[in-house]
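Here's the structure, in structure tokens; my notes come after.
Numbers here simply count residues along the sequence, with the first being 1.
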Amino acid sequence: ERDDIELAVNQCISAAACSTKPKLQKALLRAASYGKCFLANDSPEHFVDMCKTLRVLNEVQSFRIGIPLTYQQLHSFTIKGLIKRLVRMRLYYLALPIVEYLKIPEGQQMVLSHWAMDKVKRSKESDEAIADAIFKRVGPSDSISYASVANEAKNYGRTELAIKLLDYEPRSAEQVPALMRMSRFTNAIEKAIESGDMDLVHTVIVTMESKQTPRDFINTLKDYPVASAWYAKWCSLTDSQKLHDHFYTQDNFEASALLSIKELEHSMMLDAKIKLLESINRHFTDGSKEFESRLTKEQIALLRRQM
């Protein structure tokens, strides 16, 4: 008897799926619901899914939308395919409730991303108004990639809008590279430092050094002590001459002198040591280190006497 009831319930649900008339669908689903009352421990999943799917189908079949899909066609087309069709038709007001109603994985992200990009391309509002509207709808979440939308804005020549959108991007790993692609190195180094990711800071510094003029690179580092210190550390491991140049451009005379003192340990010839000490003395003099300068001069005099 249970098998007969279960078969009857499933047949009612299947018949509702084959029908294109809402009244008949409701009648069949009511019959299925009545039959399920006689089935203990019966899973309601199939019945609930069918109710939701038919509700979506009836909505898109309406004259307002005009997509006459049957249940069998939807099975082949898939729900995600339907959402993509709605997005291409710019029916975001319908696509978004459907993905939320059916709990489609990543569906909300897809719809909101297309909506935001479409707004960037078509809206005639000010950059600030567009950025605020997108943020108000999406919020400070990972549901969409603000970096991707910003890239779309840049492609349409709206660079300032792209910068504003990137301010909302919570992922520094996407935000900073996007800023560098737009040659906004000052913004990029600020965001990288704020993130606390020193690998990201290093990437920005290396890119800045290769893309900017030496003067602009020096001036940028002067404004950011964290970046300047990291660059000095990197140079100390890779290129001592670069480190000398960096200390010189940053007017860090004491650091230049201490670096030369370290090099003094590896110098074997007396005349080479004297030249280094003379350089060290100049650094101490420029840095107004009178005591250290006097000691250096005494060391130079001693070496000359030894020679």
Side-chain angles (χ1 to χ4, degrees), residues 1-119 133-146 148-149 168-171 174:
E1 186 180 347
R2 175 185 168 83
D3 292 343
D4 291 340
I5 296 174
E6 189 172 352
L7 177 62
V9 166
N10 289 332
Q11 285 179 340
C12 284
I13 294 173
S14 298
C18 293
S19 175
T20 57
K21 296 180 180 179
K23 284 186 178 180
L24 182 56
Q25 290 171 355
K26 289 178 183 179
L28 289 166
L29 289 173
R30 276 197 296 268
S33 178
Y34 177 75
K36 286 175 70 64
C37 296
F38 298 94
L39 297 173
N41 302 322
D42 183 63
S43 174
E45 226 173 279
H46 180 50
F47 178 79
V48 172
D49 288 345
M50 183 59 71
C51 290
K52 286 184 174 182
T53 303
L54 289 176
R55 187 176 179 187
V56 169
L57 275 174
N58 290 334
E59 184 62 32
V60 298
Q61 287 170 354
S62 68
F63 70 92
R64 297 186 305 275
I65 310 303
I67 304 178
L69 277 177
T70 64
Y71 179 81
Q72 288 76 14
Q73 288 172 328
L74 180 64
H75 183 71
S76 302
F77 195 46
T78 72
I79 287 290
K80 284 190 176 181
L82 175 61
I83 297 303
K84 288 178 181 178
R85 174 70 61 84
L86 293 172
V87 164
R88 283 197 294 271
M89 295 170 68
R90 299 190 2 239
L91 298 173
Y92 307 110
Y93 70 90
L94 178 61
L96 193 58
I98 288 176
V99 297
E100 292 172 350
Y101 180 61
L102 298 180
K103 297 179 181 178
I104 300 171
E106 300 178 0
Q108 187 182 46
Q109 179 180 356
M110 180 180 69
V111 175
L112 288 175
S113 294
H114 279 82
W115 167 77
M117 290 180 184
D118 188 58
K119 189 167 184 65
I134 292 173
F135 182 71
K136 187 176 180 180
R137 182 66 187 85
V138 178
S141 67
D142 296 338
S143 57
I144 72 166
S145 170
Y146 281 102
S148 299
V149 181
Y168 301 133
E169 176 56 65
R171 291 160 291 205
E174 289 192 24

- Message: Run the side-chain contact (heavy atoms from CB on, under 4.5 Å) test on R85 and V60 for me, step by step, so that the C-alpha distance in whole Å, both residues' side-chain angles and the decisive distance to 0.1 Å come before the verdict.
- Response: CA-CA 11 Å; R85 174 70 61 84; V60 298; over 6 Å; no
- By side chain to side chain contact (heavy atoms under 4.5 Å, CB included), L74 pairs with (sequence neighbours left out) T53, L57, L69, I79, L82
- Note on the structure: ring pair (Phe, Tyr, Trp, His ring centres under 6.0 Å) pairs touching residues 50-90, sequence neighbours excluded, are none
- Is a donor on one side and an acceptor on the other found under 3.5 Å between the side chain of K26 and the backbone of K21? no
- Note on the structure: D118 meets the side chain to side chain contact (heavy atoms under 4.5 Å, CB included) criterion, sequence neighbours left out, with R90, Y92, R122
- Task: Taking all non-hydrogen atoms of both residues into account, name the closest pair between I83 and A95 and its distance.
- Result: CD1-O, 4.1 Å
- Message: Looking at every heavy atom in both P97 and L94, which two are closest together, and how far apart are they?
- Response: CD-O, 3.2 Å
- Q25 and N58: CA distance, side-chain angles, deciding distance, side-chain contact (heavy atoms from CB on, under 4.5 Å) verdict: CA-CA 10 Å; Q25 290 171 355; N58 290 334; 2.9 Å; yes
- So does K36 have more than 12 non-hydrogen atoms from other groups sitting under 6.0 Å from NZ? yes
- Task: Kindly write out the residues that satisfy side chain to side chain donor-acceptor pair (under 3.5 Å) with E106, not counting sequence neighbours, or none if the list is empty.
- Result: none
- Query: Taking only residues at least two apart or on different chains, which pairs with a member in residues 2-61 satisfy ring pair (Phe, Tyr, Trp, His ring centres under 6.0 Å)?
  - Reply: Y34-F38
- Task: State whether a side-chain donor-acceptor pair under 3.5 Å links Q61 with T20.
- Result: no
- Message: Quick one, S145 and R171 - any side-chain contact, counting heavy atoms below 4.5 Å?
- Response: yes
- Anything under 30° is parallel, anything over 60° is perpendicular, the rest tilted; go ahead and classify F135 against Y146. tilted
- Excluding sequence neighbours, so at least two apart, what forms side chain to side chain donor-acceptor pair (under 3.5 Å) with R64? E59
- Which pair of non-hydrogen atoms, one from L28 and one from A16, has the smallest distance, and what is that distance? CD1-N, 3.5 Å
- Task: Go through the steps for C18 and Q72 under the test side-chain contact (heavy atoms from CB on, under 4.5 Å), then give the verdict.
- Result: CA-CA 8 Å; C18 293; Q72 288 76 14; 3.3 Å; yes
- Nearest heavy-atom approach of L24 to S19 is CD2-OG, 3.5 Å
- For the side chain of S33 and the backbone of L29, is there at least one donor-acceptor N/O pair under 3.5 Å apart? no
- Message: On a heavy-atom basis, which atom in H114 and which in M110 lie closest, and how many Å separate them?
- Response: ND1-O, 2.9 Å
- Query: Where is the tightest heavy-atom contact between L54 and A17, given as atom of each residue plus distance?
  - Reply: CD2-CA, 4.1 Å
- Message: Walk me through whether I65 and L86 qualify under side-chain contact (heavy atoms from CB on, under 4.5 Å).
- Response: CA-CA 9 Å; I65 310 303; L86 293 172; 4.2 Å; yes
